[in-house]
Amino acid sequence: MANDASAVSDTRSPQSLADPFTPAADSSLWRKNFLLGAATASYQIEGAVAEDGRLPSIWDTFSATPGKVLAGDTGAVACDHYHRWQEDVDMLAGLGLEGYRLSIAWPRVMGAAGAPNRKGLDFYKRLLARLKEKGITTFVTLYHWDLPQHLEDRGGWPNRDTAYRFADYADLISRELAGSVDAWATLNEPWCSAYLGYGNGHHAPGLADGRFATQAMHHLLLAHGLAVPVLRANDPTSQKGIVANMGRGTANSDSAADQRAAHLFEVQHNAWILDPLLKGAYPRDLFELWPGTEPLVLDGDMQTIAAPLDFLGVNYYFRTNLASDGAHGFTEVPPEGVERTQMGWEVYPDGLRDLLTGFKKTYANLPPIYITENGMASDDKVTDGHVDDTQRIAFLKRHLAAVDQAIKAGVDVRGYFLWSLMDNFEWAFGYERRFGVVHVDYATQKRTIKRSAELVAKFLRERKART
Ligand code: FCB
């Protein structure tokens, strides 16, 4: 048995004992059916924004607006993946990564009147065929934030009609790609789409109104709920799920007020999404926090939203430490002397374990989990053809150990996707923040495998070699 500790220690080479990544001998990560892969998203890597009939998305508009994205960066070229996809798939396969999470650009595959765009569809067909040829398991996200601009012009996610347009898109794409996708995720991180997009304006489309945010969230979740049965009908053998970013909130003290602050933070980040999906209701505390922002919910919506899921994708990056704001809300108290990443995010692997074990307690019907994103940004440089991303290596090892702890505590976690396969367009931070396990030189589009990716590949080779 690959996860039998004694068998593992017998076969481990002295080299692997010394390497800074390889998981502990008794880690569940040694199980061959624990999927280890990497993730990307269409707008962040594809470029070719005006090619082959692709329509503008809200991120084209937003990034072209002065002051919205660091250094005025846009996704116009990004990693030029639209033209270099074969090289990128070969790289993924060369690293021995077993899974690839990608997203489809809605404005690339569907015209404004709903007709299919053949050239855009063909791109994904070729890409998925090549991934299948290489034996890579595919997780395909339908919406990773690139809403067609023409839908934003008609009100975007605060407009209920967008949810129905999303269901049409899900229908088209799952008819076209049936049989070539292992797992479909409807949405990536609805919290970011709703709150950052419509609540504080840090992301496209850049609106800032609490009522828009809660209504956008409702329509995003409704879109998800409408799409799930469509995906089931068109592509019955694949898995269907959703990907959500989950935030760990810790209390700055033992006081009841600070404990409540941490609780409210998690309500606002996690329960806002998970309660509707898994309990069919919004958490009541949410509207104590944001009075007067209750969305308009029509009869039957909550049942639609709570459609059973095959998996839940969890994206995790950092924790937030909180105190009461003295009124009904919370305020952040950043801890001092802790390790942080290029984003300023605290490195806090226990948060991932604690969230996972907490969800298992809270939701009796918690579906199997995939960690669909985890990783960190660092200011990586290529020196003599190498990138020594030491901080990332330790980060990944510690977060995978946290996943193992959650599995040992009884949580059904089936896989983990590194964010990201390669450096890319990091939304409002542009190209400055490097999240990849592969370095991208944006001037030449040269890819350089970082040390972290080499070590992940080495581990996967060792795991594969086990009988
Ligand atoms: C997540 C996004 C992903 C990436 C990481 C760093 O919120 O889903 O696209 O930008 O953060």
Side-chain angles (χ1 to χ4, degrees), residues 37-47 57-59 62-63 68-70 73-75 78-79 81 100-106 139-147 185-200 202-204 217 220 224 241-248 268-270 272-273 312-320 340-348 351-352 355 370-380 389 391-392 395-396 399 416-438 440 450 452:
T40 62
S42 46
Y43 190 72
Q44 294 180 279
I45 65 165
E46 286 178 0
S57 81
I58 54 173
W59 271 95
F62 189 74
S63 61
K68 298 295 185 191
V69 174
L70 203 66
D73 289 341
T74 77
C79 306
H81 173 75
Y100 182 46
R101 174 173 174 247
L102 65 134
S103 80
I104 308 251
W106 183 355
F139 274 57
V140 174
T141 305
L142 288 177
Y143 182 70
H144 201 127
W145 305 354
D146 36 8
L147 184 72
T186 51
L187 307 176
N188 176 69
E189 302 191 348
W191 187 91
C192 292
S193 301
Y195 187 73
L196 303 180
Y198 296 91
N200 72 11
H202 291 179
H203 278 185
M217 176 65 88
L220 281 152
H224 156 83
I242 184 169
V243 169
N245 54 309
M246 296 283 114
R248 178 64 177 146
Q268 202 245 64
H269 282 76
N270 309 338
W272 187 13
I273 296 104
L312 172 68
V314 170
N315 294 354
Y316 173 76
Y317 287 96
F318 59 93
R319 72 138 168 188
T320 308
R340 295 185 182 278
T341 71
Q342 191 191 15
M343 295 295 284
W345 296 347
E346 182 186 353
V347 177
Y348 193 75
L352 177 55
L355 281 172
Y370 287 86
I371 307 303
T372 33
E373 284 181 28
N374 177 238
M376 56 157 282
S378 50
D379 185 15
D380 300 318
D389 52 342
Q391 193 191 6
R392 179 174 294 104
F395 180 102
L396 297 177
H399 283 80
Y416 173 102
F417 293 83
L418 302 156
W419 183 271
S420 173
L421 173 63
M422 55 188 155
D423 297 337
N424 58 47
F425 176 78
E426 179 45 36
W427 307 112
F429 296 94
Y431 296 101
E432 194 203 77
R433 309 294 162 94
R434 295 184 175 271
F435 272 94
V437 292
V438 172
V440 176
K450 299 182 190 178
S452 56

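Order of appearance sets the numbers: ligands from 1, and atoms from 1 within every ligand.
The shortest contact between atom 5 (C) of ligand 1 and any protein heavy atom is with Tyr317 OH, 3.3 Å. Protein heavy atom in closest approach to atom 7 (O) of ligand 1: Glu189 OE1, 2.5 Å. Looking only at heavy atoms of the protein, atom 10 (O) of ligand 1 is closest to Glu426 OE1, 2.6 Å. Here the protein heavy atom with the shortest distance to atom 2 (C) of ligand 1 is Glu373 OE1, 3.3 Å.
At a 4.0 Å heavy-atom cut-off, ligand 1 does not touch Asn245 at all.
Between Arg433 and ligand 1 there is no heavy-atom distance shorter than 4.0 Å.
In terms of heavy-atom proximity, Glu346 sits nearest to Arg319 at OE1-NE, 2.8 Å. Between His224 and Thr186, the closest heavy-atom pair is ND1-OG1, 2.6 Å.
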Report the C-alpha separation of His202 and Trp427 in whole Å, then their side-chain angles, then the decisive distance to 0.1 Å, and conclude whether the ring-ring contact (aromatic ring centres under 6.0 Å, His included) test is met. CA-CA 9 Å; His202 291 179; Trp427 307 112; over 10 Å; no
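Every atom of ligand 1 with a heavy atom of Asn188 under 4.0 Å away is listed here by number and element: 8 (O). Applying the 4.0 Å criterion to heavy atoms of Gln44 picks out, from ligand 1, the atoms 3 (C), 4 (C), 9 (O), 10 (O). Atoms of ligand 1 lying under 4.0 Å from any heavy atom of Phe435, numbered from 1 in the order shown and given with element: 6 (C). Residue His144 approaches ligand 1 through these ligand atoms, each under 4.0 Å from one of its heavy atoms: 2 (C), 3 (C), 8 (O), 9 (O). Close contacts of ligand 1 with Trp427, meaning ligand atoms under 4.0 Å from a residue heavy atom, involve 3 (C), 4 (C), 9 (O), 10 (O).
When only modelled atom types and interatomic distance are considered, Arg101 and Asn188 share a side-chain donor-acceptor pair under 3.5 Å. Inspection of the Tyr317 and Thr341 side chains reveals no N or O donor paired with an N or O acceptor under 3.5 Å. A donor-acceptor pair shorter than 3.5 Å cannot be found between the side chains of Thr372 and Tyr416. There is a side-chain donor-acceptor pair under 3.5 Å between Asp146 and Ser42.
Between Tyr370 and Phe417, the ring planes are tilted. Angles from 30° to 60° get that label.
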